[in-house]
Amino acid sequence: MIVMKFGGSSVANAERIRHVADIVRSRLERKPVLVLSAMGDTTDHLLEAGNDAYRKGIVSIGRIEKLHHTTMKALKFSAAARKNINPLLEELRSLLVGISLIRELTPRTTDYLVSFGERLSVRIVAAWLNSVRIKAEAFDSWQVGFVSDSGYQSAELIRESWNLIPEKIIPLTEAGLVPVVTGFIARDVNSNITTLGRGGSDLSATMIAASCGADEAQVWKDVDGILTADPRIVKDARPVETVTYDEASEMAYFGAQVLHPRAMQPCMKTGTPVLVKNSYNPEAPGTRIIPSLEKKAPVRTITSRRNVTLVDIVSTRMLGQYGFLAEVFSAFARRSLSVDMVATSEVSVSLTLDAAHDLTELKKDLSRIASVEIRTGRAIVTIIGNVRRSSEILARAFRTCQIIGVPVQMVSQGASKVNISFIVDDVEAAEVVRALHLDFFSSLDIREKKPAAAPAGKKAPPAAAKARQGLPRKESS
Ligand code: ASP
Ligand code: MG
């Protein structure tokens, strides 16, 4: 069995839905289970409609009705096929009328409201699959064992789901049916609808895959998998073949296109591979996320985050006094400032935040115990790679920065030890990423072509040096 998850853009209109059916048809012998998001931006539109009803007392679901009606029309749905879908649109309208009258919108009602997106999309796609002779049936996730706690808007699936889901799903696939299951939503023990948090369909898919012992969970997106770098910065960025769960989790935090760390948890428990595929380019191999990698290149991907502020805090108190870091971090917490990178010494701490914050008050707070310097216009460059080769990665990264004449201003290696991050000037970030990409990925290619050639123990193979010669040089001041 495989689980195939299609996100909003993969089911955004009739044409995309026809395309999904083609992809599914070519994999029928693998007993697919489909997990779907709401069509296009429907979740956002539902939230906006809820807000309009609640704040302005108006019912505005034109956009949502139009998208679903147009799609059904384009797919030439019969009256019988529409019978499953129209009542949901009517129920949605009634709910919005209700909200507009009582002017109340609780987290529980919000989850009920957004659930219509996924409930509509699975019905439409299942009807289309049947009309092209793929035996399919739509399910609201609670019909196939999804039970959550009552933490509306980011509910957790309860442990029983691990048994309930395979009990329901496996007989369906064994009977030759393609279950089409709503992502994102669940129901608590009192039958209230809940959601697993924005982007939660990935988690629904990995949960089915892990609990049913599927061969893999496929997450279909609109990119060729995880890329070695942002293609807007690095022209020859390319898909990474395999990454570990740990590496993929770090990538999620640093803005690379992957799934949410929480979505990987079920598959991490069972070791089920997650495959990131491109629905616009189904033949491309995609990226495989697996428990561990035996032989691998030092670096998976290089990312950068721009427009970062660096704060240097040096204690003005005596050496060895305790409580300094605690005071520093509580000052940030009091002002709800979320810190990204941290590096400390005995008497100082440097940290980074997104530039959007006003730090005047924070500086006042901290100046009782420290001297504070705030430096804007920085960027974080992050290298995600092999835990055991961090010395090599650091050495090469610093050498590269030295060659192109870019000073590194702060360094930190995350606890998971798959990520090495450092700060450079914002204007230099793209150049650094390109240079690192050239060093790590071009030399890798050359080396892979002649694996046995380098004598054991000899570091810095000529290939790496050769790649470096290609680096743009900059006059050092
Ligand atoms: N439709 C939901 C959202 O937009 C869930 C998902 O797409 O994964 O967040
Ligand atoms: Mg969505």
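Keep in mind that this is a model prediction, so the values were computed, not measured. Note that ligands are numbered from 1 as they come in the structure, with each ligand's atoms numbered from 1 the same way.
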Donor-acceptor pairs under 3.5 Å, side chain of residues 161-176 to any protein atom, not counting sequence neighbours: which ones?
| from | atom 1 | to | atom 2 | distance (Å) |
| --- | --- | --- | --- | --- |
| Ser161 | OG | Val147 | N | 3.3 |
| Ser161 | OG | Val147 | O | 3.0 |
| Ser161 | OG | Ile158 | O | 3.0 |
| Thr173 | OG1 | Ile170 | O | 3.0 |
| Glu174 | OE2 | Lys31 | NZ | 3.4 |

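The contact set between ligand 1 and Arg198, taken as ligand atoms under 4.0 Å from a residue heavy atom, comprises 3 (C), 4 (O), 9 (O). Counting atoms of ligand 1 from 1 in the listed order, those under 4.0 Å from a heavy atom of Gly199 are 3 (C), 5 (C), 6 (C), 8 (O), 9 (O).
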Discussion item. Go through it in stages, so that I can follow the logic: the residues are Val432 and Arg434, the test is side-chain contact (heavy atoms from CB on, under 4.5 Å), and I'd like the CA-CA distance, side-chain angles, deciding distance and then a yes or no.
Written reply: CA-CA 5 Å; Val432 171; Arg434 277 193 289 270; over 6 Å; no
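Any N or O atom pair closer than 3.5 Å counts here, and Asp202 shares no such pair with ligand 1. Residue Ser37 has at least one nitrogen or oxygen atom sitting less than 3.5 Å from a nitrogen or oxygen atom of ligand 1, judged on distance alone.
Look at Glu216 and Lys277 and you find no salt bridge, because none of the NZ, NE, NH1 or NH2 atoms lies under 4.0 Å from a carboxylate O.
A heavy-atom separation below 4.0 Å is not found between Gly183 and ligand 1. Residue Gly200 places a heavy atom less than 4.0 Å from ligand 1.
Remark: Arg16 is positioned above the aromatic ring of Tyr280, its terminal NZ or CZ atom under 6.0 angstrom from the ring centre and at most 45 degrees off the axis.
Applying the ring pair (Phe, Tyr, Trp, His ring centres under 6.0 Å) test to Trp220 and every residue at least two apart in sequence or in another chain returns Phe6.
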